[in-house]
Amino acid sequence: MATITLPEAEVQNSKSTATKYVYSFGGGHADGNGKMKDVLGGKGAGLAEMTNAGLPVPPGFTIQTEACREYMRGSLSKAVDQQMNDALAQFEALQGQKLGAGENPLLVSVRSGAKFSMPGMMDTILNLGLNDKSVEALAKRSNNPRFAADSYRRLIQMFGNVVLDVEKSAFDEVFEAKKRQKKAKLDTDLDAKALEEVIAEYKKVVKKHAHRDFPQDPREQLVMARDAVFRSWQNDRAKHYRRINNIDDMLGTAVNVQAMVFGNLGETSGTGVGFTRNPATGTKEFYGEFLMNAQGEDVVAGIRTPVHISELEKIMPDVYNQLRDITTRLEKHYRDMQDFEFTIQEGKLYMLQTRNGKRTGLAAVRVAIQMVEEGLISKEEAIFRVEPNQLYDFLVPRLDEKKTKIEVLATGLPASPGAAVGQIVFTADEAVVKAGHGAKKNPVILVRAETTPEDIQGMEVAAGILTSRGGMTSHAAVVTRGMGKCCVAGAGDISVDEKKREMRVKGQTFREGDWISLDGTTGRVIKGQLDTIPPKADDPELLKLMGWAEPFRTMKVRANADIPRDAIQARAFGAEGIGLCRTEHMFFGEKKIGHMRAMILADNEKDRRAALKKLLPLQREDFAGVFKAMDGLPVTIRTLDPPLHEFLPRREELMVDIALLSSYSAKQKKDLLANYKDYGVKAAGDLKRILPGLLARVEQLHEFNPMLGHRGCRLGITYPEITEMQARAIFEAAVDCSKKGIKVFPEVMIPLTATLKEMANQAAIVRRVADEVFKEKGIKVDYLVGTMIELPRAALVADEIAREAEFFSFGTNDLTQTTFGFSRDDVNKVLPTYLAEGILKQDPFAALDQEGVGQLVKIATERGRKTRPTLKVGICGEHGGEPSSVEFCYKVGLNYVSCSPFRVLTARLAAAQAAASDKLKVEGGRTK
Ligand code: PEP
Ligand code: MG
């Protein structure tokens, strides 16, 4: 069929007339509504909904997200400007004012607002419309020249920074200098005249850094501010935030232009933020803070200490009651906890925002349960009100906030959850000295502007980390999350003076040795020494919510655990078996490593068997411990996987020691003895004899690419005696336990197979040894032999492999590595760029790449079950505890997921949500 191509101009025209870019709200009517978050963003949709509900919302208009997407593509339609002008005219008529003109000039705020809230990540401009003329009109009208001048200087500062890219510090220097000159302690001590001088200086700053004048035309200000908000969608902070929260880069932000209301017009004005319930604990209480005679940024900036919202009742009871009434209605309307912003202008209340409030895992569970009890939502809905990852909050220590009245000094990013209480130190070295080998001995909190890799030792011994700069992916945040250590990052209100060893916040100075408490779950920094509550997974409310979710779950959840202690822990969190026991981890124990090394160094089968014989009882003991811990549940034990050189000294270090041996002092030689004692070195004289032989063996085992080398089933095939010993240890332990009445279900798993013959080779050994042991001991136990699917070839020939394998477990760490061809150990060299450039949306080692690796999972499952319809299929890579991956596994029809013990709860809820959303035909709410 022929296609008709329109000339370019016509295409644009037809598009622009078809698209509604600008949605007005005000005077009791809005063009949009609360359901239009895709188009209007969360804030815009909330403003529209509140307007329609007749609530006091300052009027304005929302420029929809499509305009931002066009802006990003460099093709902003002319219709946006046209529609914006029309909306502005309507808005001006409604207000009886003109933007930045006349005796009563209209002033507006210009704010971002994306579909998913990204607090503080994008830009805002207030007081827009002020210029040299309108500032005078405002002064006259308000009868408050100081207020007018202050509003204008704030606009120049915000506009200069956000729109014209002038460093904030350039303005701060001017302001601070003026305060010094006037001997002013507080910002509010500067009078109108001083502020006018600041304005003149600010204009010079703009001219100098932006090479242009501050625009006097209010419409030019508006267009420039709008475009700056569009650009802020692409700033680094916003990009990081989206990556962490898995928000699509292509959504774009809406821009809300709204009439300014002033909270800084005197003692009957004020501004505040609040929640309908406590977002940290979930307690049903009106929660929030406000400041009289202040603008929004003062509440956040910590220049003055905000007051608890209950105080408002005393100051302005009518306004307080109206606010309570409105927010209660909003909560009922949205059927969820609300996070709201309000301003009081000369005694009149205005609502500026409402949205579903962000909350901790504890609060999420508690609020969901309360709302079921209040009849606001159903139990089925409650299941989806908790993000599975949030359950981690139940597994870390918490601050005990009940006993004392707390003073929150600042709120930063909740970079790594948990609680930490300790004495301040300012350098990593001090941390090491003061902490005395470990967080518990003498707990310290390492306070830094930001951390660097050199701080790592200090971070290790500190109880918690606090930084004043940096985001959720800053060094401090990433490292502490890996360590499972509490961290509050980017607490911008705190200034850290590392030279003076001082931390200043809210007008207070803290020095080395002062106590602070961190809440890494909410990002709060609290003064003093609070008690902590140890973690527990038997919180009655958690159990209640899980009790509603669990009946939906069809997929089992197991844990990856190698030692009885972890297995017991996993079971307490609800694990229904062990999905991966990495036997190599068992070889690192004090008693075993020597025999293991002897086994590796052996250059003939006889010596190797002799060493393995010594390992056998030790392994047997380990397996018996795990079987006992998991009495009645299946335990998957994997035969040896890593390349053998991992158990030997590093080639380079060995070479250096050999080369320098003759020049080493007696003390150095003594140290070497300790290093090499497991290799048969007993006296200094042995070094010269043994080290070269050791090097020769290390060189024999050296591989250019060990991850793709002599590992996995390749080890068991080249050294069958290793598999034999491990199988024997497994079955002897199983039989012994069974004799004691422990119910054992061993599943022996062969790693890294790619072909049927590899599988057949190893399965034959396992089955032969099982028969031998059963015969020797006179009893049998049921067991399975299966394989990991970790290579694309294995997935493709899964139908073949399933002839021998009785179960599959996807090792998606290796499968991701081998499918992408990314080294799992080195990927971080390229990953940050890939994520920043949008080449990859997520780290594929954290969340399963459903499109590529996921296809292999699907193919292997289908092909395997074609050969063996009863084939048990699971996953044991890191992805087994990541909610979106768990959901995928459910959809593909896996029997179980297996993850680290601390993610078992998360996996259970994610698996329940996946099944429930399928059954109830509701969207899981995880796909962003
Ligand atoms: C895997 O590859 O996903 C796996 C679980 O094995 P390992 O991480 O031990 O290689
Ligand atoms: Mg693997």
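As the structure is a computational prediction, the values presented were derived from the model and not from experiment. One-based numbering, in listed order, for ligands and for the atoms of each.
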- Taking the six-membered ring of Phe647, is the NZ or CZ of Arg597 close enough (under 6.0 Å from the centre) and on axis enough (within 45°)?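 Verdict for Phe647: no cation-pi partner in Arg597.
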- Between the side chains of Glu887 and Gln913, is a donor N or O closer than 3.5 angstrom to an acceptor N or O?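 No.
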- Item | Exercise: do Tyr890 and Asp918 side chains pair donor with acceptor under 3.5 Å |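 Per modelled atom types, Tyr890 and Asp918 side chains form a pair under 3.5 Å.
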Do NZ/NE/NH1/NH2 and the carboxylate oxygens of [X] and [Y] come within less than 4.0 Å?
{"X": "Arg903", "Y": "Glu878", "answer": "yes"}
{"X": "Glu724", "Y": "Arg609", "answer": "yes"}
{"X": "Asp631", "Y": "Lys628", "answer": "no"}
{"X": "Glu576", "Y": "Arg558", "answer": "no"}
{"X": "Glu800", "Y": "Arg863", "answer": "no"}
{"X": "Arg767", "Y": "Glu806", "answer": "yes"}

- Can you list, by chain and residue number, the protein N, O or S atoms under 2.8 Å from the Mg ion (ligand 2)?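 Checking every protein N, O and S atom gives Glu790 OE1, Asp814 OD2.
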- Using a 4.0 angstrom limit on heavy atoms, which residues are close to ligand 1?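 Those residues closer than 4.0 Å to ligand 1 by some heavy atom are Leu580, Arg582, Arg638, Asp641, Arg711, Met788, Glu790, Gly811, Thr812, Asn813, Asp814, Arg824, Cys876, Gly877.
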